[in-house]
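Here's the structure we're looking at; comments come further down.
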There are 2 protein chains.
Amino acid sequence: MKPYVLIAEDEKAVSELLLYNLRKEDYDVGVAMDGEETLMMIDERTPDLLLLDWMLPKVSGIEICRRVRTGGANPNLPIIMLTARGEESDRIRGLDTGADDYVTKPFSTTELMARVRAVLRRIRPGLKEDRITVGDIEIDRVAHRVTRQGDDIHLGPTEFRLLDYFMQHPGRVFSREQLLDTVWGSDVYVEARTVDVHVGRLRKALRNAGGDDPIRTVRSAGYALRED
Amino acid sequence: MKPYVLIAEDEKAVSELLLYNLRKEDYDVGVAMDGEETLMMIDERTPDLLLLDWMLPKVSGIEICRRVRTGGANPNLPIIMLTARGEESDRIRGLDTGADDYVTKPFSTTELMARVRAVLRRIRPGLKEDRITVGDIEIDRVAHRVTRQGDDIHLGPTEFRLLDYFMQHPGRVFSREQLLDTVWGSDVYVEARTVDVHVGRLRKALRNAGGDDPIRTVRSAGYALRED
DNA sequence: CCGATTTGTCACATAACCGTCGCAGGCAGC
DNA sequence: GCTGCCTGCGACGGTTATGTGACAAATCGG
């Protein structure tokens, strides 16, 4: 089953961002807006991971953290703490109370997602790797590196995300619209043909490392990564 | 039984497009033109999936979403939300209220159908596979690939759709008119004999992968795929 | 604020595909 | 076997989708 991630965050802007990104990475997601609700929702269905805001109305994040660790039915529940920048000592107290990781706001979504994966992988090994290999291409999302037959490949941010997405679903054909939605983000509007250009750039970069074109064009449908 | 899909959409152009395509994929389809009607129709017969427009007269899409999730007899009713491009925060609120997926208008029909399948497959596994095998021919709609006895077969878009349609109904004979309607679409006007040419091309492509002709000509009636 | 990198769009060339035609051959009924 | 329809298929002109170099705007990192 999909891992269940509970977001405990009162700022709607933040929780929505998290919600959106976690859904995109195919998790089950719940949102709690204050401390009480968080505790209730944990009781209802034990999450596989708790994203916990430091400052939470009614019952603070650190208090929740403590209660979970000492009190409840699941003292090993993984927790990633979200703190505002500059609360350094708080941060440490956060780890002290037993959070598995902490992230300062504002945070990079990519980085947070990587940490989420990292924590979840501890619980469920082989869940969503930080490294994927398809054929002779390997991508390392943490180190942000791509190699082909050992050679390093430099990619721009967009090409990187594009390849990343392809490698998560090898063989599958994506329309330009789908790619725009997921790789670019659903909130940007760019021409569909832009995808072509970036696929072209990705191709050229991959070609430079030798071997033949690993991206398949499916006329009138989109692009796909060859799956061997 | 066929899955029942309810369309809640007030723009006639959109709802008819959906209706047409869903029928083509062999679903039972209902159409509601505003929010009230939608709620009524849900009560009458529980759909397997609700395609819900964001902006709906009388009772808005989001309100319906909320009521279904919280109130009714079937809080797990799968919902795909339709939103206009640019309503980004709305979109996220859509997910927040519990839609299973969302699609922005204007949308690609192919993509929407894929999502419909994806959502329905969650409910009824093995419903409409992304892969079909008939005899020694296999078609993979997600990867957009056709193989025969392991060999890859390259088909143009039209031949692909044609074979896809045949494979959904092996053995059945289709007239040229039926094929034009479904494979080409009811809105294009081309000569009936065009079908012959494409069937010919499909045949040639399949022949190249060995084996004998899997398409049967029924004189003065049409064509059919042999079902062994 | 500057240089370097990246990005989105355009224009153009090319390749892939489409629909139609024409004709050769096949099929059924007589 | 003959006749009148039907079908298979190669050829062809027109259309559409895709690949790619160029470029200006945007962004990043100092």
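Order of the sequence lines sets the chain letters (A, B, ...), proteins ahead of strands, with each chain counted from 1. Given the structure is predicted, the values throughout are model-derived calculations rather than measurements.
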Bounded by its outermost nucleotides with an atom under 4.0 Å from a heavy atom of chain B, the footprint on DNA chain C reads C/dC17 to C/dC27

Would you indicate, yes or no, if [N] has its OP1 or OP2 atom less than 4.0 angstrom from a side-chain nitrogen or oxygen of [X]?
X: B/Lys204; N: D/dG10; answer: yes
X: A/Thr217; N: D/dG19; answer: yes
X: A/Tyr223; N: D/dA17; answer: no

Can you check the [X] [atom1] to [N] [atom2] distance for me, whole Å?
X: B/Glu191; N: D/dT7; atom1: CD; atom2: P; answer: 14 Å
X: B/Glu177; N: D/dC6; atom1: CD; atom2: P; answer: 12 Å
X: A/Arg176; N: D/dA17; atom1: CZ; atom2: C1'; answer: 7 Å
X: A/Leu179; N: D/dT18; atom1: CG; atom2: P; answer: 12 Å
X: A/His198; N: D/dG19; atom1: NE2; atom2: P; answer: 14 Å
X: B/Asp196; N: D/dC6; atom1: CG; atom2: P; answer: 12 Å
X: A/Arg203; N: D/dT18; atom1: CZ; atom2: P; answer: 11 Å

More than 12 non-hydrogen atoms from neighbouring residues, nucleotides or ligands closer than 6.0 Å to CZ on A/Arg145, yes or no?
->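 No - once you tally the heavy atoms of other residues, nucleotides and ligands closer than 6.0 Å, there are 12 at most.
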
Considering non-hydrogen atoms only, spot the tightest contact between [X] and [Y] and give its length.
X: B/Arg148; Y: B/Arg207; answer: NH1-N, 4.3 Å
X: B/Ile153; Y: B/Leu206; answer: CD1-CD2, 3.7 Å
X: B/Val134; Y: B/Glu227; answer: CG1-CA, 4.3 Å
X: B/Asp151; Y: B/Ala209; answer: OD2-O, 4.0 Å
X: B/Gly61; Y: B/Leu52; answer: O-CD2, 3.3 Å
X: B/Asp10; Y: B/Leu56; answer: N-CD1, 3.8 Å

What is the nucleic acid contact for [X], judged by heavy atoms within less than 4.0 Å: base, sugar-phosphate only, or nothing?
X: B/Val195; result: nothing
X: B/Val199; result: nothing
X: A/Arg201; result: base
X: A/Arg207; result: sugar-phosphate

Exercise: do B/Arg161 and A/Ser220 side chains pair donor with acceptor under 3.5 Å =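 No - no donor-acceptor pair under 3.5 Å links their side chains.
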
Please report how far the helix from C/dC1-D/dG30 to C/dC30-D/dG1 bends, comparing the axis fitted to its first five pairs with the axis fitted to its last five, to the nearest 10 degrees.
->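 Rounded value for the end-axis angle: 50°.
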
Would you mind telling me which of B/Arg176, B/Gln178, B/Arg216 makes a side-chain contact (heavy atoms from CB on, under 4.5 Å) with B/Tyr223?
-> B/Arg176

Considering the options B/Leu155, B/Leu225, B/Leu179, which one meets the side-chain contact (heavy atoms from CB on, under 4.5 Å) requirement together with B/Leu162?
->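 Going through the options one by one, the only one that passes is B/Leu179.
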
Please list, by residue number, the residues of residues 155-164 of chain B whose heavy atoms come closer than 4.0 Å to an atom of DNA chain C; answer none if no residue qualifies.
-> B/Gly156, B/Pro157, B/Thr158, B/Glu159

Checking D/dT16, D/dG8, D/dC6 against the side chain of B/Arg219 (C-beta onward), the nearest is D/dC6

Give the intermediate values and the outcome of side-chain contact (heavy atoms from CB on, under 4.5 Å) for residues B/Met113 and B/Leu22.
-> CA-CA 8 Å; B/Met113 290 303 128; B/Leu22 289 167; 3.8 Å; yes

